[in-house]
Amino acid sequence: MRNKPTYIILLLCLFLSIPLANAQSGKQKELEAKRQKYQNELKQINALLFSDKKKEKSLVSLVEDLSYKVRVRRNLIKVTNDQANLLTREINANQNEITSLRDQLKELKDSYAAMVVKSYKSKSEQSRVMFLLSSDNFKQAYKRLQYIKQYASYQKEQGDLIKTKTLKLQELNTDLLRQKKDKDKLVLENREVKKQLEIELKEQEELMVSIRKNLNTYASQAKKKQQEINRIDREIDRLIREAIAASNKKAGKTTTSTSKFVLTPESKALARNFESNKGKLPWPVEKGVVKVKYGKQPSAIDRTVTINSQGVKIATQKGTKVRAVFDGEVSQILVIPNANPVVMIRHGNYITVYKNMSKIYVKKGDKVTTKQEIGEVFTNRSNGETMLGFGVYKDSKTQNPASWLFKM
């Protein structure tokens, strides 16, 4: 029975390896989900930004679209590299575990073989009876009987453990072959993605050469464009503060604050429902890609020009319908000179903003429901762009829409 501790240690090693394998599998699933996301995003980019529209676009739009595509492709390359590296670590871990299991299995088989030989030599019923009858007293005979039972039980345990170890070894070998195939596939795919990236980077550089020839003109256009965006955002901010003040006055509150809504019980319930759907709200368009993210970022044309986006810009198809992302009430239809209409929908103390509309299907005061069509996105005839600006406000403060929309 001296081998009993060895049996326990081997059994523990077998089960302690399971949580590590599960953790690695979870990380692989997470990376695979990201890889699929970037692949789908590239398909959407090609369909929405590079499908028979190249001739219609301005040089600036082409550079912006290509820069966006390059950024997503680099993200795809990075996450694929991470997957391949993780698979390499898993393959190495599997190979080490296979080596360890083979050593353990050999030890078990040798031990079991020795037991079988010993058992065979004393297997006859007569030998067992003589072993018991040769006891000096009843207590010794009882202990010898217990030993015979324990030895038989231990033989069975050793046999079962050999089976378990053998199956585990077979599973590891199968898994190792699958992992190697997965890694080879990822490496091959990434090689093709890198080739495509090189082509796009060359095209991007060629476009930038043309832009650098008239950089002052394009930089001036970029600054003017940002000024126009800022003008619209300031007007939206003003209207939100006015809406807060009017709502608070209507609720009978004497507060002069224009930064936070004083909520009625009904508005509180709506705000709670809106908050509970954070990260699960539907997109304001059925199909689209986020061309401009939330926050400050350098211009693709002139890196010295900073774009300050209070929401996101979603590129979509011509004629695309705009949808409310949640139940609410149309608080404002904003028409600004030299700009396209903006729809603002209130959800308790939250407001969603839909910019660059061409057609409006709702009016101020209308109650809307999730995914209800509220209008249509404007398409720029000069460059063929169909771009929806979308923002989320909590009271008078902007929020990152990527935190609210489903898998943005």
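Values below: all heavy atoms of this structure, side chains included; hydrogens, waters and symmetry mates excluded.
Salt bridge Lys367/Glu329: present, at least one basic N to carboxylate O contact under 4.0 Å. Taking a cutoff of 4.0 Å between a charged side-chain nitrogen and a carboxylate oxygen, Lys363 and Asp366 qualify as a salt bridge. Classification of Lys78 and Asp82 as a salt-bridged pair holds, one side-chain N sitting under 4.0 Å from a carboxylate O. Comment: Glu235 does not engage Arg231 in a salt bridge, judged by the lack of any side-chain N to carboxylate O separation of less than 4.0 angstrom. Salt bridge annotation for Lys195-Glu192: present, with a cationic side-chain nitrogen under 4.0 angstrom from a carboxylate oxygen.
Of the N and O atoms on the side chains of Arg35 and Gln83, at least one donor lies less than 3.5 Å from an acceptor on the other residue. Side-chain contact, Gln372 with Tyr361: no donor N or O sits under 3.5 Å from an acceptor N or O. Counted by atom type alone, Asn81 and Asn190 present one or more donor-acceptor pairs between their side chains at under 3.5 Å. Counted by atom type alone, Gln317 and Thr386 present zero donor-acceptor pairs between their side chains at under 3.5 Å. At a cut-off of 3.5 Å, with distance as the only test, a side-chain donor of Lys183 or Thr88 sits close to an acceptor on the other residue. When only modelled atom types and interatomic distance are considered, Asn400 and Lys293 share no side-chain donor-acceptor pair under 3.5 Å. Donor-acceptor pairing under 3.5 Å is lacking for the side chains of Asn40 and Gln36.
Side-chain N or O atoms of Tyr294 include none that pairs as donor or acceptor with a backbone N or O of Gly391 at under 3.5 Å. A donor-acceptor contact shorter than 3.5 Å is absent between the side chain of Ser259 and the backbone of Ser396. With hydrogens and angles ignored, the 3.5 Å screen pairs no side-chain donor or acceptor of Ser220 with any backbone N or O of Asn216. Judged by distance alone, the side chain of Ser358 and the main-chain N or O of Glu376 form a donor-acceptor pair under 3.5 Å. Side-chain atoms of Arg323 come within 3.5 Å of backbone atoms of Trp283 as a donor-acceptor pair (strictly under, hydrogens ignored). Not a single donor-acceptor pair under 3.5 Å links the side chain of Gln310 to the backbone N or O of Asn308. Checking side-chain atoms of His347 against main-chain N and O of Asp327 turns up a donor-acceptor pair under 3.5 Å. Remark: side-chain polar atoms of Thr80 are paired, donor with acceptor, to backbone N or O of Leu76 under 3.5 angstrom. Side chain of Asn349 to main chain of Lys394: no donor-acceptor pair is present (N/O by atom type, distance under 3.5 Å, no hydrogens or angles).
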>> What verdict does the side-chain contact (heavy atoms from CB on, under 4.5 Å) test give for Ile345 and Ile374, after you've listed the backbone C-alpha separation in whole Å, the side-chain angles of each residue and the deciding distance to 0.1 Å?
In response: CA-CA 10 Å; Ile345 300 176; Ile374 61 172; 4.0 Å; yes
> Which is it for Asp182 and Lys185 under the side-chain contact (heavy atoms from CB on, under 4.5 Å) test, yes or no, and what are the steps along the way?
Replying inline: CA-CA 5 Å; Asp182 288 347; Lys185 184 180 176 183; 5.6 Å; no
>> For Lys407 and Lys37: C-alpha separation, side-chain torsions, deciding distance, then whether side-chain contact (heavy atoms from CB on, under 4.5 Å) applies.
In response: CA-CA 9 Å; Lys407 290 183 180 178; Lys37 174 183 175 291; 6.0 Å; no
>> Before you tell me yes or no, could you show the steps for Arg178 and Thr174 under side-chain contact (heavy atoms from CB on, under 4.5 Å), namely the whole-Å CA-CA distance, both residues' side-chain angles and the distance that decides it to 0.1 Å?
In response: CA-CA 6 Å; Arg178 178 193 59 77; Thr174 302; 5.9 Å; no
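Residues Ile77 and Tyr38 fail the side-chain proximity criterion, which asks for heavy atoms closer than 4.5 Å. Proximity of Asn340 to Met357: side-chain heavy atoms (C-beta onward) are nowhere separated by under 4.5 Å.
Taking the six-membered ring wherever Trp is involved, the centroid distance between the rings of Tyr350 and Trp404 falls below 6.0 Å.
To the nearest 0.5 Å, the span separating CD on Gln44 from OG1 on Thr316 amounts to 8.5 Å. How far CD1 of Ile244 is from CG of Leu239: 11.0 Å, rounded to the nearest 0.5 Å.
Summarising the local packing, NZ of Lys225 is surrounded by 12 or fewer heavy atoms from other residues, nucleotides or ligands at distances under 6.0 Å. Shown here is Glu286, whose CD atom has no more than 12 heavy atoms of other residues, nucleotides or ligands within 6.0 Å. Within a 6.0 Å radius of CG in Asn96, other residues, nucleotides and ligands contribute more than 12 heavy atoms. Enclosure of atom CD in Glu205 by more than 12 non-hydrogen atoms of other residues, nucleotides or ligands within 6.0 angstrom is indicated.
The nearest pair of heavy atoms linking Leu66 to Glu200 is CD2-O, 3.7 Å. The shortest non-hydrogen separation linking Asn356 to Met387 is ND2-O, 2.6 Å. Annotation for Val325 and Leu281: closest pair O-CD2, 3.6 Å, computed over non-hydrogen atoms. The two atoms that bring Asp65 and Glu385 nearest to each other are OD1-OE2, 4.3 Å, heavy atoms only. Nearest heavy-atom pair, Gly288 versus Leu48, reported as atom, atom and distance to 0.1 Å: CA-CD1, 3.6 Å.
Below 30°, between 30° and 60°, or above 60°: for Phe326 and Phe274 the angle between ring planes is above 60°, a perpendicular geometry.
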